[in-house]
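Quick caveat, the model's predicted, so the values are computed rather than measured. A note on names: the letters A, B, ... follow the listed sequences, proteins ahead of strands, and every chain is numbered from 1.
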Amino acid sequence: MRDAPFTADLIATARAELKAAILPQLSGDAAYAGAMVANALGIALRDLEGDDGADAAERAALRALLDCDTDDLARLNADFADGLRQGRFDPGQDGHDAARRILWMQTRARLARVKPAVLAARDETSAER
Amino acid sequence: MTLETAAVERFVAEAWKADAVTASGASMMSGGAIQENWALDLAVTRDGRTDHLETVLRTDAPSSIPQSHGRAEEYALFSAAHAAGVAVPKPLLLGRDVAGMDRPFFLMQRVAGQADPRKITRGDLTGAPLARALGAELARIHSITPGAEGLGFLDLPDESPAKDRVAEFRAALDASERPQPVIEWGVRWLELNAPPAPDALVLCHNDFRTGNYILGPDGTPAILDWEFAGWGDRHADLGWFCAKCWRFGQDDREAGGIGPRAEFYAGYEDIAGPVIDRDAVPFWEMLATVRWAVIALRQGDRFLQDGERSLELALTRHVVPTLEIDILDQTGELHA
């Protein structure tokens, strides 16, 4: 039997070590490669930590918009993309506002995973307005 | 990776009828996903006199992406640009079917300076003069029109430059395994808002942005990376250069992260006359954002679908959500 799962902690610790002990020693192409590795580990870590129910919320919203009862998120998104292409959610159409909300929901969830700093900075700016 | 310098020496000696050519200092410069660039110094002896040339040898990378021209076509574009007075590294020689070289290549003058967009946008050569200079260079590029010598290989648009892009983006989305609703939304917006074909087609560089010119120590740019050039709408290049995704975080410098938009336009119109339709540019900035998202998606698919284990390709995929934010922001402002 494997020991207690500690994958996330392991990656977090490895990433911290990389940033503290290794990256400062690098220059040029190696520094660029090192920064990419740190970035990739950060994305992997947030992937491991789960999605806080983002997929479930997206699924529910898409099922309501498309009036479709499948649980297959990829299928729902394929239908959504097709509807967008056919103009079913153009300005003036019934589903336009709901479609727009879903697109924002999807983008925020993706951004939270790969560029959380961009999302945080954006929310801070809009709060100041 | 190595460069067959002996083959290059023989080729240059024959092309220039030189008595002797010695190549030295071959080293791979930072290459792209599409091609490789080698620094190469040549000593060319003719009639008892030896000239020393600092050159770049440019050749195809082992893997490249579709829609980009090969080296022979790129050499023709460099030559046409040079003839039109565009600041480019001077094209020297094109090598096709050269004995000892497995891929076509060309030689051009090596220009000193900085090409890293993050360093340029954070450096001390930014500002109004650079924005004006780049506007002027773009106008010189656009002075090249269909019928120009040596560019017969470039296709004319099918329907219109904008509608052709819509078709191209949809084909790219269909080739990707995962649906992309936000990009589809952006493409649909482009379809609904596409301008008609322009009155005059010009040579568009199609990748004219910070990162694709070398900035000399005196602040003079030299325009690189011609492999996507084609006949199109001048506003496409203006929008690509000014799009938020090519400002490298310097969002208040709307011209390429390096200077004011008004100065960029002014430099352009100094050369081309008052031909910029200011209201047309936002459409092309939106198109630029969608186009970069489609390219980033394709780069990511090389990792996800095609099994190319490159960290850079994988991370390029992760540019997409920031572009999606820009797409949603821009359609929000523009839809009304």
Taking 4.5 Å as the heavy-atom cut-off, does anything in residues 31-49 of chain A contact chain B, and if so which residues?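 Those residues of residues 31-49 of chain A which have a heavy atom under 4.5 Å from chain B are A:Y32, A:M36, A:V37, A:N39, A:A40, A:I43.
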
Any chance the side chains of [X] and [Y] put a donor and an acceptor closer than 3.5 Å?
{"X": "B:D41", "Y": "B:S24", "value": "no"}
{"X": "B:Q299", "Y": "B:R302", "value": "yes"}
{"X": "B:W185", "Y": "B:T331", "value": "yes"}

Side chain from CB out, backbone as N, CA, C, O: work out which of these in [X] comes under 4.5 Å of a heavy atom of chain A, or both, or neither.
{"X": "B:L315", "result": "side chain"}
{"X": "B:V182", "result": "both"}
{"X": "B:R178", "result": "neither"}

All pairs passing side chain to side chain donor-acceptor pair (under 3.5 Å) where residues 112-122 of chain B contributes a residue, at least two apart: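 Non-adjacent pairs meeting side chain to side chain donor-acceptor pair (under 3.5 Å): zero.
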
Counting heavy-atom pairs under 4.5 Å to chain B, which of A:R110, A:K115, A:R108, A:Q86 comes out on top? A:R110

For chain B, which candidate among A:D79, A:N77, A:L111, A:L103 shows the most heavy-atom pairs at distances under 4.5 Å?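 Heavy-atom pair counts peak at A:L103.
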
Check the pair B:W240 / B:W246 against ring-ring contact (aromatic ring centres under 6.0 Å, His included), numbers first and verdict last. CA-CA 8 Å; B:W240 185 255; B:W246 294 126; 5.5 Å; yes

For the pair B:Y213 and B:F241, name the ring-plane relationship: parallel under 30°, tilted 30 to 60°, perpendicular over 60°.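 The arrangement is tilted - the two ring planes meet at 30° to 60°.
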
Shortest non-hydrogen separation from B:F303 to B:S310 and the atoms involved: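 Where B:F303 meets B:S310 most closely, the heavy atoms are CD1-O, 3.6 Å.
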
Looking at A:D67, I want to see if its CG is surrounded by more than 12 non-hydrogen atoms of other residues, nucleotides or ligands under 6.0 Å.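 Count not over threshold, so no.
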
